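Worksheet: the structure to be examined is printed underneath.
Predicted, not measured: the structure shown is a model, and the values here were computed from it. In what follows, chains carry the letters A, B, and so on, assigned in the order in which the sequence lines appear, proteins first and then strands, with residues in each chain numbered from 1.
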There are 2 protein chains.
Amino acid sequence: MRRTKEDAARTREEVLTAAAEIFYENGVSGSSLEKIAKRAGVTRGAIYWHFKDKAEVLTALHSEIRLPQEAIVDYAIEHGHDDPLGLIEQGAVEVLQILAEDEHQQRVFAIMILGCEFTEHLTDAAQRIITANDEMFGKLQKLIEMAHERNTLAPLWTVDAAARGIQCSMNGLLAEWLRSDKSFPLVDVGERLIRSLVGSMRRGEGR
Amino acid sequence: MRRTKEDAARTREEVLTAAAEIFYENGVSGSSLEKIAKRAGVTRGAIYWHFKDKAEVLTALHSEIRLPQEAIVDYAIEHGHDDPLGLIEQGAVEVLQILAEDEHQQRVFAIMILGCEFTEHLTDAAQRIITANDEMFGKLQKLIEMAHERNTLAPLWTVDAAARGIQCSMNGLLAEWLRSDKSFPLVDVGERLIRSLVGSMRRGEGR
DNA sequence: ATATTTACAATCATTCATGTATGTTTGTAT
DNA sequence: ATACAAACATACATGAATGATTGTAAATAT
C-alpha cells in the first residue's frame with residue numbers, strides 16, 4: 001500500500017485536482033469529501049491524511065494561484081514606476097491575457113468567486129481571499145498616489161475612488177466572465193474597459 | 001393556534017425577514033430551517049407550511065427585489081430615449097442612491113451575490129438570478145444599439161463590449177461594496193465610475 | 001534484518017438537517 | 001351547533017457527511 005514520497009505527492013495533487021473539479025461542479029458546500037475522494041480514485045482516509053478538513057483543501061487550492069491584482073502590481077513594481085497609470089493599464093491587460101489561457105486558474109477563481117460563500121463568520125479560506133483583496137487594494141492605492149504626486153491624476157478623481165474603480169471593474173469583469181461561462185471575449189472587453197477608465201484618470205484626457 | 005389571515009401573512013413576512021438575517025450571517029447552505037424558524041419565533045412546521053423548502057424561501061426573497069440594472073432600464077424606458085447613454089448614466093446613479101439607503105435590499109443582494117453558490121447544476125433561485133441578469137444585459141444592449149444608430153457611440157466601442165462594460169462595472173461595484181462591508185462611499189465611487197465609462201462611450205469624448 | 005514510520009483503506013459512531021406525518025387549536029362557513 | 005379547513009407545533013424516520021479510530025502493507029531508517 002504505502003507508496004514512495006513522490007507517489008504521495010502525486011496523490012496529494014490528484015486530490016487537489018479532483019477537488020477543483022468537484023468544487024467547480026457542485027460548489028464548495030455542496031461537495032463532500034467522499035465525492036472528491038472517489039473522483040481522485042482514493043478514499044477519504046487519503047484526504048484526511050494530507051489535509052485537516054475541507055477548508056484546508058480549499059486553502060491549498062487558493063494558495064496555488066495569485067489574485068490578478070497581485071500580478072498587476074507585481075508587474076508594475078517589476079517594470080518601474082515612471083508612469084504608474086500606464087503600468088496599471090498595461091499590467092491589467094497582461095493579466096487578463098494570461099488568465100484567458102490558464103484553465104486551472106479560471107476554475108480556481110470561479111470556485112472562489114462563485115462557488116464559495118462569504119458570510120459573517122468566515123472560513124479561513126474566505127478570509128484569506130478577502131485579506132489578499134484588501135492588500136491588493138492598498139498597493140493599487142499607492143500606485144495611484146504616485147500618479148497624484150506627479151500631478152498626472154485627473155482632478156475629478158480622488159486616489160481612493162480611482163483605486164476602488166479599478167478594483168471593482170476588474171473584479172466585476174472577471175466575475176461576470178466566469179458566471180456567464182466565458183460567453184464574451186475577456187481580453188477584448190477588459191482592454192476597452194481598463195483603457196477607458198485609466199484614460200479618464202489621466203489629467204487632461206477625460207472630459 | 002390558528003390565527004387570522006393577516007396573522008398568517010405576518011408570520012410569513014417574519015420568516016422571510018429572519019431568513020434574510022440568517023442567510024446573511026451564515027450563507028445559504030450554512031443556514032438550517034431550524035435556525036431560521038427559531039429566529040422568527042416559530043417552528044419549522046410554520047416554514048414548511050408557507051414554503052416548500054429552503055430554495056423556495058430564497059426564491060421568495062429574490063422575487064421581492066429588483067436587480068439594479070432592471071431599475072436602470074425601467075428608468076430609461078420611463079423617461080424616453082432621446083439620449084440613451086445619458087439615460088443609462090442618470091439611471092445608474094439613481095439606482096445607486098436608492099440602494100445605498102435601503103438596508104433590506106442590500107442584505108438580499110449580499111445574500112445573492114456573496115452568500116449563494118453558483119454551480120454547474122443550479123438551484124432554481126440561482127437560475128433566476130442568472131436569467132434576470134441576462135435579460136438585463138439584453139436590454140442594455142438595445143439601449144446602446146439605439147445610441148449606435150444615432151451615431152453617438154464612440155467608434156472604439158462596439159455595442160456588445162459597451163453593454164458588457166457597464167454590466168461588469170456595476171455588478172463589480174456592488175459586489176465589492178457589499179463584500180467590503182460598505183467600506184467606501186458607493187454613490188461617490190459609482191458616479192465617477194459610470195460617468196467616466198459612459199463618457200468614453202460618447203463619440204468625440206474619449207481619447 | 002528488524003523496527004518504525006509512512007500513507008493510506010476500512011469501519012464506526014455521532015451529529016445534523018431534512019422531509020414527512022400526525023396532532024392540535026382556532027377561525028369560518030353552514 | 002357542527003363540520004371543515006387553515007395555521008401551525010410536535011414527533012419521528014431517514015440519509016448524508018463528518019471526524020475518529022483502527023488496520024495494514026510497504027518504504028525507510030538503523
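Distance E13(A) CD to dA7(C) C1': 16 Å, rounded to the nearest Å. Spacing between atom CD of E6(A) and atom C1' of dT6(C) amounts to 13 Å, rounded to whole angstrom units. If you take NZ of K5(B) and P of dC8(D), they are 13 Å apart, rounded to a whole angstrom.
Annotation: side chain to side chain contact (heavy atoms under 4.5 Å, CB included) contacts of E94(A) (sequence neighbours excluded): Y75(A), Q97(A). Checked against side chain to side chain contact (heavy atoms under 4.5 Å, CB included), K182(B) has the following partners two or more places apart in sequence or in another chain: E103(B), Q106(B), W177(B). When the side chain to side chain contact (heavy atoms under 4.5 Å, CB included) test is applied to L16(B), the partners found at least two apart in sequence or on another chain are R12(B), E13(B), F51(B), V57(B), A60(B), L61(B), E64(B).
D7(A) places no side-chain N or O within 3.5 Å of a backbone atom of R10(A) that could act as its donor or acceptor partner.
The stretch residues 159-175 of chain A participates, sequence neighbours left out, in no salt bridge (Lys or Arg N to Asp or Glu O under 4.0 Å) pair at all.
How far CD1 of I166(B) is from CD1 of I144(B): 4.0 Å, rounded to the nearest 0.5 Å.
For the pair K35(B) and G30(B), the tightest heavy-atom approach, listed with the atom from each and the gap, is NZ-O, 3.7 Å.
Taking side-chain N and O atoms only, T4(B) has no distance below 4.0 Å to OP1 or OP2 of dT26(C). In this model, the phosphate group of dC8(D) is approached by a side-chain N or O of T11(B) to a distance below 4.0 Å at OP1 or OP2.
Residues from residues 33-55 of chain B placing a heavy atom under 4.0 Å of any atom in DNA chain D, listed by number, are V42(B), T43(B), G45(B), A46(B), W49(B), H50(B). Listed by residue number, the members of residues 16-28 of chain B with any heavy atom below 4.0 angstrom from DNA chain D form an empty set.
Between R39(B) and E34(B) there is no salt bridge, since no side-chain N of the basic residue sits under 4.0 Å from a carboxylate O of the acidic one.
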